[in-house]
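Have a look at the structure below, then the notes.
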Amino acid sequence: MRNLFSAVLALSLVMLFTASSYAASPVDGFIGVPWGASRQQVQKVMEERGFTLLEQRADGFSDTYQGTFTGQPAQLAFIYEKNVFYKGEAAFFHVRDKDYYAVKSYYTELKGMLTAKYGQPMERSSIGSQPLSYSKWENLPATASHPGQVTIMLREGPELFWPEKNHSSYTVIVSYDIGSSWARQIAVKDIKDL
């Protein structure tokens, strides 16, 4: 009986150590911009990093910059709910206009980096619809009161990021998100605090 108890205790400790060593990294924002930042705060951080502002939508929904993500040239979108930043996306230039296999190779490489950081994702692949490949990490720890998520997609077709008419190519997009519902709660709280 003592041997059984010792074995169960040892197994429990190994499982506890293994689980804690694979704990996902927190998702506290997007490329150094914390969740909840205002458009002005995002712009300041991006200017300090040398990123180029491409567009600020008049409706306040998003701002688009050109810079780098994971060391690769990318177009970055910051998405807001009532001037509260809650979602960031990067579309990679270095795979734009490449054939499917080159883009899929980068998707697989990026998925490997994110899996090492956040654990195994939920995955989906499809034929004939967008996205072609999709991996998502959900319920990730965050300093905000709401869990974060990270998604990567391999897409085909005209994109929000490539607005040229009739432009179609394969694209890899990574997205970090804390949720628009969280942003709405923060916006309402900020208004009440005035």
(request) Scan side-chain atoms only and decide if Ser135 and Tyr107 contain a donor-acceptor pair under the 3.5 Å cut-off. (result) yes
(message) Between Gln75 and Gln66, is the side-chain contact (heavy atoms from CB on, under 4.5 Å) condition met? List the steps.
(response) CA-CA 5 Å; Gln75 189 166 322; Gln66 185 170 328; 5.7 Å; no
(message) When you compare the side chains of Lys136 and Tyr134, does any donor N or O come within less than 3.5 Å of an acceptor on the partner?
(response) yes
(message) Can you see whether Lys104 engages Ser133 through a side-chain donor-acceptor pair at a distance of less than 3.5 angstrom?
(response) yes
(request) Decide side-chain contact (heavy atoms from CB on, under 4.5 Å) for Arg184 and Ser180; before the verdict, give the C-alpha distance in whole Å, the side-chain angles of both, and the deciding distance to 0.1 Å. (result) CA-CA 6 Å; Arg184 279 190 295 278; Ser180 60; 3.4 Å; yes
(request) Answer yes or no: is there a side-chain heavy-atom contact under 4.5 Å between Gln43 and Leu53? (result) yes
(request) Give the intermediate values and the outcome of side-chain contact (heavy atoms from CB on, under 4.5 Å) for residues Ile31 and Met46. (result) CA-CA 9 Å; Ile31 65 168; Met46 293 298 95; 3.9 Å; yes
(message) Please tell me whether Phe85 and Trp35 form a close aromatic pair, meaning their ring centres lie under 6.0 Å apart.
(response) yes
(request) Kindly say whether Thr151 contributes a backbone atom to a donor-acceptor pair with the side chain of Trp137 at under 3.5 angstrom? (result) no
(request) Output yes when Lys87 and Glu89 qualify as a salt bridge under the 4.0 Å nitrogen-oxygen rule, no when they do not. (result) yes
(message) For Phe92 together with Tyr106, are the ring centres under 6.0 Å from each other?
(response) yes
(message) Are Val95 and Met113 linked, directly or through intermediate hydrophobic residues, by side-chain heavy-atom contacts shorter than 4.5 Å (ILVMFWY only)?
(response) yes
(message) One thing to verify: whether Asp63 and Arg39 come together as a salt bridge, which I'm taking to mean a side-chain N less than 4.0 angstrom from a carboxylate O.
(response) yes
(request) Without swapping roles, check the side chain of Thr115 against the backbone of Lys111 for a donor-acceptor pair under 3.5 Å. (result) yes
(message) Are Ile173 and Ile152 packed together at the side-chain level, in the sense that at least one heavy-atom pair is separated by less than 4.5 angstrom?
(response) no
(message) Side chains of Gln40 and Asn83, heavy atoms from C-beta outward: is any pair under 4.5 Å?
(response) yes
(request) Answer with yes or no after comparing the ring centroid distance for Phe78 and Tyr65 against a 6.0 Å cut-off, counting only values under it. (result) yes
(request) With rounding to the nearest 0.5 Å, note down the distance linking OH in Tyr86 to CD1 in Ile186. (result) 14.0 Å
(request) Taking all non-hydrogen atoms of both residues into account, name the closest pair between Ser62 and Ile79 and its distance. (result) CB-CG1, 4.2 Å
(request) Give a yes or no answer on whether the side chain of His146 reaches the backbone of Ile178 with a donor-acceptor pair at less than 3.5 Å. (result) yes
(request) Taking all non-hydrogen atoms of both residues into account, name the closest pair between Gly32 and Pro34 and its distance. (result) O-CD, 3.6 Å
(message) Do Leu76 and Thr64 make a side-chain contact, defined as non-hydrogen atoms from C-beta onward lying under 4.5 Å apart?
(response) no
(message) Donor-acceptor pair, distance only, cut-off 3.5 Å: does the side chain of Ser38 make one with the backbone of Gln41?
(response) yes
(request) Check step by step if side-chain contact (heavy atoms from CB on, under 4.5 Å) holds for Thr171 and Met153. (result) CA-CA 8 Å; Thr171 308; Met153 296 173 279; over 6 Å; no
(message) Less than 3.5 Å apart, any donor N or O on the side chain of Asp99 or Tyr170 sitting next to an acceptor on the other?
(response) no
(request) Consider only side-chain heavy atoms of I, L, V, M, F, W and Y, link residues closer than 4.5 Å, and tell whether Val33 and Phe61 are in one cluster. (result) yes
(request) For residues Val27 and Tyr118, determine if any side-chain heavy atom of one lies less than 4.5 Å from a side-chain heavy atom of the other. (result) yes
(request) Give, for atom CG of Leu154 and atom OG of Ser105, the distance between the pair rounded to the nearest 0.5 Å. (result) 10.5 Å
